[in-house]
Each structure stands twice: as structure tokens, then as C-alpha cells.
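Everything on this sheet refers to the single structure shown next.
Throughout, a chain's letter reflects where its sequence line sits, starting with A, and its residues are numbered from 1.
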Amino acid sequence: DGGITQSPKYLFRKEGQNVTLSCEQNLNHDAMYWYRQDPGQGLRLIYYSQIVNDFQKGDIAEGYSVSREKNESFPHTVTSAQKNPTAFYLCASSAGGGARQPQHFGDGTRLSIL
Amino acid sequence: SQQGEEDPQALSIQEGENATMNCSYKTSINNLQWYRQNSGRGLVHLILIRSNEREKHSGRLRVTLDTSKKSSSLLITASRAADTASYFCATDAVNSGYSTLTFGKGTMLLVSP
């Protein structure tokens, strides 16, 4: 089945450590996105990528980094510079670019900083 | 950036009743999308409605768009307990030459058996 896989589902890290979240899609979509969701809130865009080797900052990129070396993969690192990293992180993809297509989401990674 | 705002924040109904959720946004859009999120899961796309459309249907879902009022509504007819979820509207926005989606905070729907 085609879809988006995020791993791990739960992640615990100590303060000051960087942590990398995985996102893989087999939908052959060009565009991929990372969002952050806090309790009772909507999604806020962290980074997005329209094509391989290209990515753009979203609304809350500070303290985060991404790479896009392969079309199917869009890993995302929460660095120690992120002041409040505990959140639910969602990865999505869409066919083509822009917001004119539906986005397909993974089931998220819940990150907790100890 | 543009942002959709859903209303109400929470809605509790009985099975079989209809549920209506509203979304308002601030500036002109190309399209508006509705998504559903079950607790602890990712979002699932429901319907995309373009700015030149006024109404779309998908099964028990009906979405309307009024661009003059900058608002949209999502109607779920004959609701079921399985419809319990959070529902988000998302509008497109322009960011550094790319178009991205901006999500509202959602309406939490509880359907009781």
C-alpha cells in the first residue's frame, strides 16, 4: 500500500541532544512537509521541500533542520537550539507543488524531552 | 499569513444527528481543504474545494464555500460514533514564491452512541 511512514512513533531524548525523525513516502510525490502540532492547536509548518535537494523554511524553522537527498525521504532534525521541542511532529507529502493538491500525512512522532 | 479559524472549538452530538463546522479565513484563497484527525494519528484529507466552486459533496460530507464572506462550512449528515475526531480547515498561502497550506486550530467533534 502507498503511504507515508514516520518513525519512531514515540521518542524520548535528554535536553541538549539533537534528535532525527524519519519520514519516508512511496507515493512518488515531489513535495514533502514537516509540521509541529501542540495540544489543542492546529499544525504549524516547519520546513517544506518541493523537489530533491531543495527545501524552504516554514513559519517556525528556528531550531530545526532538514535534508532532501532522495525523493522518498525527508528526515528532520530537532536540534538542541529548539527551546521547546516537546510536541507531536507530522510529515506530509503531496503530488506536484504548492497547496493545490491534497496532502497525505504519516501518523506522527511524539517527541518528549526529559 | 492567512489562517482558517474553525467554529465551534468543540461540538457534542448524538448519533444520527447532523454536525456543522464552520471555517473563516482572512484573505483571498485559491482553494480550501478540510481534514480529519483521529486522536494520536495523522490528518486525513476529506475534501478540496476551489475558489470558483460553491459546494462539494463526498458521501455524507457536504462542504460549502462563500468567498464573499470568506467562510466555509463542513456538514456531516447522519453522524456516527466513528466520526468522532478533530476537523481542520486549511487554506493556501503564498510563502517565498511557493504556495503552502495554513491550518486552523480545529473543531473537536464528539458523537455519542
- Whatever's closer than 4.5 Å to a heavy atom in chain B on A:Leu90 counts as side chain
- Task: Tell me, for A:Arg44 versus chain B, whether the close heavy atoms (under 4.5 Å) come from the side chain, the backbone, both or neither.
- Result: neither
- Item | Distance, nearest 0.5 Å, that separates OH of A:Tyr35 from CZ of B:Phe103 | 4.5 Å
- Query: Can any side-chain N or O of B:Gln33 pair as donor or acceptor with the backbone N or O of A:Gln101 at less than 3.5 Å?
  - Reply: yes
- Nearest heavy-atom approach of B:Gln37 to A:Phe88 is NE2-CE2, 3.9 Å
- Query: If every non-hydrogen atom of A:Arg100 is compared with every non-hydrogen atom of B:Asn30, which pair is closest and at what distance?
  - Reply: NH2-ND2, 3.3 Å
- Please answer: with hydrophobic residues joined when any side-chain heavy atoms are less than 4.5 Å apart, are B:Ile29 and B:Trp34 in the same cluster? yes
- Note on the structure: Bottom line for B:Glu6: the part with an atom under 4.5 Å from chain A's heavy atoms is neither
- Message: Can you tell me if B:Glu17 has over 12 outside heavy atoms packed within less than 6.0 Å of its CD?
- Response: yes
- Task: Could you have a look at A:Gly106, A:Ala92, A:Gly108, A:Pro102 and say which one has the most heavy-atom pairs with chain B under 4.5 angstrom?
- Result: A:Pro102
- Cluster check A:Ile60, A:Tyr33: I/L/V/M/F/W/Y, side chain < 4.5 angstrom: no
- Task: Look up atom OG1 in B:Thr102 and atom CG in A:Leu45, then write down how far apart they are to the nearest 0.5 Å.
- Result: 8.0 Å
- Message: Heavy-atom count check: over 12 atoms from other residues, nucleotides or ligands less than 6.0 Å from B:Arg80 CZ?
- Response: no
- Query: Are A:Tyr48 and A:Trp34 connected in the hydrophobic side-chain network, where two residues link if heavy atoms are under 4.5 Å apart?
  - Reply: no
- So if you build clusters from Ile, Leu, Val, Met, Phe, Trp, Tyr with side-chain heavy-atom gaps below 4.5 Å, do B:Leu32 and B:Leu48 land together? no
- Message: Heavy-atom cut-off 4.5 Å, strictly under: side chain, backbone, both or neither for A:Gln37 against chain B?
- Response: side chain
- Query: Looking at B:Phe88 and A:Gln41, what are the two nearest heavy atoms and their distance?
  - Reply: CE2-O, 4.0 Å
- Message: With a sphere of 6.0 Å drawn around CD of A:Glu69, does it hold more than 12 non-hydrogen atoms of other residues, nucleotides or ligands?
- Response: no
- Message: Test of understanding: clusters of I, L, V, M, F, W, Y form through side-chain heavy atoms closer than 4.5 Å, transitively. Do B:Tyr87 and B:Met108 belong to the same one?
- Response: no
- How long is the gap from NE2 on B:His45 to CD on A:Gln103, to the nearest 0.5 Å? 9.0 Å
- Within 6.0 angstrom of B:Arg41 CZ, more than 12 heavy atoms from elsewhere: no
- Task: Name the member of B:Asn31, B:Ile47, B:Leu43, B:Leu46 that forms the most heavy-atom pairs with chain A at distances under 4.5 Å.
- Result: B:Leu43
